[in-house]
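Below: one structure, written as structure tokens.
Everything numeric here is computed off the predicted structure, so don't read it as measured data. Along the sequence shown, the residues carry numbers beginning at 1.
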Amino acid sequence: MEIQTFPNEIVFFDLETTVPNKPGQHFHILEFGAIIVCPRKLEELSSYTTLIQPKDLSVVSLRSSRSDGITRAKVTDAPSFEDVAEKIYGLLNGRIWAGHNIRRFDCVRIKEAFAEIGKAAPEPSGIIDSLGLLSDKFGKRAGNMKMASLAAYFGLGVQKHRSLDDVRMNLEVLKHCATVLFLESTLPNQLEGKWQSSSKIMTRSRSNYQIAQRAMPYSKGSLGKMTQNVKNLLSKAQGNQTLQSLIKHSHSLLR
């Protein structure tokens with residue numbers, strides 16, 4: 001049977017897993033979530049999510065520190081990875097994979113899970129890792145490169161650490177970053193200098209846990225003004241440049 005692929009479609013996906021706390025333990029997938037995105041309009045075409053029951057339920061906590069976190073009770077009646085492997089394979093294989101830190105984490109966990117059930121893992125036609133991409137292009141304007149920090153910076157809400165919610169947040173973060181980079185490339189003299197004279201925010205250093213000050217690109221309350229300016233500029237651009245070409249240019253800035 002011929003395997004159908006979609007090399008020009010993007011699939012944003014995210015895994016929620018257990019966290020090993022003892023030597024010899026490994027990650028167990030507890031949830032898979034994905035959205036298929038049209039690369040031309042950056043619109044969500046379809047979505048899929050499922051909780052996954054690990055072979056050993058004892059590796060899942062009885063309670064979660066998060067309000068809507070994944071507990072042992074939630075995955076007790078969930079399908080095993082083998083039960084949903086064919087569906088996941090069909091979503092991922094031959095598409096462009098996108099996600100935050102997927103190269104080092106999600107891609108590895110997917111390959112491990114398929115190897116564990118003795119089946120060939122899906123292969124991407126390309127990979128967009130927003131962690132590396134934004135680290136290079138956007139920088140630590142939000143204090144650090146965590147998805148929660150980037151989302152809070154743009155006022156996109158609190159990260160829920162649930163797969164489907166997180167991939168949708170990931171897409172919105174990329175859209176916002178692309179817009180800022182587009183504006184900076186269009187009006188470099190007016191906008192690029194703004195990052196130099198900025199207020200400060202407090203963040204923790206991973207290396208020594210010392211409190212450090214890092215630059216915040218806009219003063220408190222100014223993000224709403226920037227958003228309105230973006231809308232005004234986009235409205236003016238409609239007369240001589242289509243929205244599609246605008247998005248295309250934003251893509252080029254993120255490459």
Side-chain angles (χ1 to χ4, degrees), residues 3 10-37 44 46-95 97-124 127 129-131 144-152 156-171 173 204 206:
I3 299 176
I10 304 173
V11 54
F12 282 78
F13 75 98
D14 178 69
L15 304 175
E16 294 299 320
T17 71
T18 59
V19 179
N21 52 24
K22 295 180 181 179
Q25 288 185 338
H26 63 278
F27 295 91
H28 298 269
I29 298 176
L30 301 180
E31 187 176 45
F32 173 90
I35 57 174
I36 306 298
V37 174
E44 180 180 327
S46 61
S47 65
Y48 173 75
T49 186
T50 181
L51 290 166
I52 295 174
Q53 180 189 134
K55 290 182 178 180
D56 181 6
L57 279 172
S58 68
V59 301
V60 188
S61 300
L62 290 172
R63 287 180 290 183
S64 174
S65 59
R66 302 187 182 107
S67 59
D68 58 349
I70 300 172
T71 61
R72 190 179 302 176
K74 287 186 177 181
V75 299
T76 298
D77 297 322
S80 67
F81 184 82
E82 189 167 11
D83 292 333
V84 295
E86 184 176 352
K87 176 68 174 180
I88 292 175
Y89 185 94
L91 285 168
L92 297 180
N93 191 56
R95 286 188 168 97
W97 294 5
H100 203 65
N101 196 32
I102 61 170
R103 284 188 183 274
R104 292 191 300 176
F105 188 79
D106 303 81
C107 294
V108 177
R109 304 286 87 81
I110 283 291
K111 290 182 178 180
E112 289 175 348
F114 275 91
E116 189 175 342
I117 62 174
K119 293 185 177 181
E123 294 291 340
I127 296 177
D129 191 326
S130 57
L131 176 60
N144 58 57
M145 299 310 298
K146 292 181 179 180
M147 181 56 60
S149 300
L150 291 164
L156 298 175
V158 178
Q159 185 181 11
K160 295 183 178 179
H161 293 281
R162 295 300 299 268
S163 294
L164 197 56
D165 292 313
D166 285 2
V167 292
R168 285 171 173 158
M169 177 174 279
N170 195 172
L171 175 59
V173 163
R204 289 186 182 272
R206 289 186 178 181

Does Asp14 have any side-chain hydrogen bond (donor to acceptor under 3.5 Å, both in side chains) partners at least two apart in sequence or in another chain, and if so, which?
-> none

Do any N or O atoms from the side chain of Ser149 and from the backbone of Met145 form a donor-acceptor pair under 3.5 angstrom?
-> no

Gap between atom NZ of Lys119 and atom CZ of Phe81 - 0.5 Å precision = 9.0 Å

Determine the minimum heavy-atom distance between Ile52 and Ile88, stating which atoms define it.
-> CD1-CD1, 4.5 Å

In Å, rounded to the nearest 0.5 Å, how long is the span from NZ of Lys146 to CG of Leu131?
-> 11.5 Å

Not counting sequence neighbours, which residues clear side-chain hydrogen bond (donor to acceptor under 3.5 Å, both in side chains) with His100? List them please.
-> Ser130

Please answer whether the main-chain N or O of Phe12 pairs with a side-chain N or O of Arg95 as donor and acceptor at a distance below 3.5 Å.
-> no

Quick one: do Asp106 and Trp97 satisfy side-chain contact (heavy atoms from CB on, under 4.5 Å)? Show the steps, please.
-> CA-CA 10 Å; Asp106 303 81; Trp97 294 5; over 6 Å; no

Met147/Asp166 under side-chain contact (heavy atoms from CB on, under 4.5 Å): CA gap, chis, key distance, verdict = CA-CA 8 Å; Met147 181 56 60; Asp166 285 2; 5.9 Å; no

Any side-chain heavy-atom pair of Leu164 and Ser47 under 4.5 Å | yes

Between the CG atom in Asn101 and the CG atom in Asp129, the distance rounded to the nearest 0.5 Å is 6.0 Å

Taking all atoms of both residues into account, what is the closest heavy-atom pair of Phe114 and Ala85, and its distance?
-> CZ-O, 3.5 Å

Identify the two heavy atoms, one from Leu92 and one from Ile110, that lie closest to each other, and give their separation to 0.1 Å.
-> CD1-CD1, 4.1 Å

So, does Gln53 use its side chain to make a donor-acceptor pair with the main chain of Ser80 at under 3.5 Å?
-> no

Between Arg103 and Val108, which heavy-atom pair has the shortest distance, and what is it?
-> O-CG2, 3.8 Å

Of the non-hydrogen atoms in Met169 and Ala151, which two are nearest, and what is the gap between them?
-> SD-CB, 3.4 Å

Once you round to the nearest 0.5 Å, how far does CD1 of Ile102 lie from CZ of Phe13?
-> 5.0 Å

Got Asn93 and Glu123 here, is their nearest side-chain heavy-atom distance under 4.5 Å?
-> yes

Report all side-chain donor-acceptor pairs from residues 24-36 shorter than 3.5 Å, counting only partners two or more places apart or in another chain.
residue: Gln25; atom: OE1; partner: Asn21; partner atom: N; Å: 2.9
residue: Gln25; atom: OE1; partner: Lys22; partner atom: N; Å: 3.2
residue: Glu31; atom: OE1; partner: Arg162; partner atom: NE; Å: 2.9
residue: Glu31; atom: OE1; partner: Ser163; partner atom: N; Å: 3.1
residue: Glu31; atom: OE2; partner: Arg162; partner atom: NE; Å: 3.3
residue: Glu31; atom: OE2; partner: Arg162; partner atom: NH2; Å: 2.9

Between Lys87 and Leu91, is any pair of side-chain heavy atoms under 4.5 Å apart?
-> yes

Which heavy atom of Phe105 sits nearest a heavy atom of Thr17, and at what distance?
-> CZ-OG1, 3.5 Å

